[in-house]
Visitor: 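Okay, here's the structure, questions in a sec.
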Amino acid sequence: MKYVLVTGGVVSGLGKGVTASSVGVVLKACGLRVTSIKIDPYLNTDAGTMSPFEHGEVFVLDDGGEVDLDLGNYERFLDVRLTRDNNITTGKIYQSVLEKERKGDYLGKTVQVVPHITDAIKDWIESVSAIPVDGKVGPADVCVIELGGTVGDIESMPFIEALRQLFFSTGPDNFCLIHVSLVPVLGVVGEQKTKPTQHSVRELRALGLTPHFLACRSAQPLLENTKQKLSQFCHVSAANILNIHDVPNIWHVPLLLRNQNAHEAILKQLALLRVAIPPNLQEWTNRAETFDNLTSSVKIAMVGKYVGLTDSYLSVVKALLHACIACLLKPSIEWIAASDLEDESAKLTPEVHTKAWETLRNAACVLIPGGFGDRGVKGMILAAKYARENKVPYLGICLGMQISVIEISRSVLGWKGANSTEFDEHAPNPVVIFMPEGSRTHMGSTMRLGSRRTLLQSSDCITAKLYHNPEYVDERHRHRYEVNPEVVEHLEKTGLRFVGKDESGQRMEILELASHPFYVGVQFHPEYKSRPGKPSALFLGLILAATGQLEAYVKTHQNGSI
Ligand code: GLN
């Protein structure tokens, strides 16, 4: 196995994840098979319990792993399916070491950070990098490892030490270290400053790791003399100083690396030049340029709870982007805090309330993404009602589907007490209920997580047509509550159709409203499997419907062609 380690210095938020995935893209374009590992030095065992407000969205994998959103970047960029073990956290490592200690596996020895924690990290990396993630057999050629955080952080020390040892044991031909850093421009003189990079490289070297490459983030392209200075003071040859300056969209980053011949230098470092082919990045070039030249856009109202931090819905945003670009449109996402639509907000903050409704009414479609807890639920119900009554294209994801069911039960069936037991345990009409897959009394985790099968009930529905008429779809889930099977019959009398169910027929997976141009609710999260060149069927449907192209699309593609 050959490793490319990507570390970061100076400040966080430099786009280390995008840099690392772009390196992967370029290597893949050279004909190599690539996998990736993200190391998060925090103590949480996984991202499942972390607030999207603070940490951005929780990304969900096929195997049900709740992981850092950077893994989503890798899946989208490299078009791979990662496993939960591809995300290493301090919590997971300590948990595995402590379990072994309790079992007595250390034979009475003192258990220490070095060597026990560091050995566990190395073993984990070695075994996970061998798991194929691209659907082929056998391990990949290269594993890109991204070390989260900034070099010098106390919590990343054991990882740095383990990686240093890994480097030493695999040998120089099998290891390539890329250090991502910042070259800021200061003040009136406008000089590109190399000092922060010098300091962070010094810090890295003090820990025993010498970078082979610098990937310098900057606003403008690096000047020649800045490169020379960096080379001299950081002990990295000028040819290995890569520059990732600001670009109009992230799909340019692999192209930027290719244009600087980064692939050749990396392949040389890994002794892979002979097996690689010249990189083919035509698809990336087309996409990056197409996007830059788009002139029309489509307004999408996103009615959610965490609208302050757009990373909270990163995969939804990306899926909208993929769908829009397939329709040659730029997404114009209008964020609406669900609570601003509520009647209480009309009293307390009338201007905010008016503005929120204005934004909703001006949008071409409405999307209610997933979420937990009852904040903003009233506002979401109002948004779903607005979309239903005014025939505005609507996509409800997970919580968004449950909201539809509550809304229709209240407004159409007249069940005033309709609610989810998540929001009111004693709801008079529990239309959305807790339906654990395992035992109800079982103490452990009760979330329905990861890939589950949905059987399409009929080929005569919009969803089936958009997915090109398969018997089933496998999409990723992350929820506890579901439509109460006992009320399905009543709901279907209102014109609601449950066109997708699980294999038992008890779990409602997809709903559609017959008398509406596009009103779809899904219990799963289609956003997680959307890819730049392969937009998710339902997101595509939403955008097509919003721009009046759905019918024509369905007609042209009814034979299953793309
Ligand atoms: N809170 C809801 C549930 O647990 C919806 C979850 C979600 O939208 N991801 O079922």
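Start at 1 and go down the list; that is how both ligands and their atoms are numbered.
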Visitor: By the definition side-chain hydrogen bond (donor to acceptor under 3.5 Å, both in side chains), identify the one residue from Ser404, Ser411, Ser409 that meets it with Glu407.
Guide: Ser411
Visitor: When you measure from the side chain of Asn87 to the backbone N and O of Lys38, does any donor-acceptor pair fall under 3.5 Å?
Guide: yes
Visitor: Go through the side-chain N and O atoms of Ser458 and Asp460 and say whether any donor and acceptor fall under 3.5 Å apart.
Guide: no
Visitor: Exactly one of Leu314, Val317, Val316 should register a side chain to side chain contact (heavy atoms under 4.5 Å, CB included) with Glu57. Which one does?
Guide: Leu314
Visitor: Residues two or more places apart in sequence or in another chain: which of them pass side chain to side chain donor-acceptor pair (under 3.5 Å) with Lys92?
Guide: none
Visitor: Output yes when a side-chain donor or acceptor of Gln95 lies under 3.5 Å from a complementary backbone atom of Thr45, and no otherwise.
Guide: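 Not a single qualifying donor-acceptor pair exists.
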Visitor: Could you list each nitrogen or oxygen of ligand 1 that sits under 3.5 Å from a protein nitrogen or oxygen, with the atom names and the distance?
Guide:
residue: ligand 1; atom: 1 (N); partner: Gly371; partner atom: O; Å: 3.0
residue: ligand 1; atom: 1 (N); partner: Glu422; partner atom: OE1; Å: 2.7
residue: ligand 1; atom: 1 (N); partner: Glu422; partner atom: OE2; Å: 3.1
residue: ligand 1; atom: 4 (O); partner: Arg480; partner atom: N; Å: 3.0
residue: ligand 1; atom: 8 (O); partner: Gly371; partner atom: N; Å: 2.9
residue: ligand 1; atom: 8 (O); partner: Gly371; partner atom: O; Å: 3.4
residue: ligand 1; atom: 8 (O); partner: Leu399; partner atom: N; Å: 3.0
residue: ligand 1; atom: 9 (N); partner: Arg478; partner atom: O; Å: 2.8
residue: ligand 1; atom: 9 (N); partner: His525; partner atom: NE2; Å: 3.2
residue: ligand 1; atom: 10 (O); partner: Gln402; partner atom: NE2; Å: 3.1
residue: ligand 1; atom: 10 (O); partner: Arg480; partner atom: N; Å: 3.1
residue: ligand 1; atom: 10 (O); partner: Tyr481; partner atom: N; Å: 2.8
residue: ligand 1; atom: 10 (O); partner: Tyr481; partner atom: O; Å: 3.4

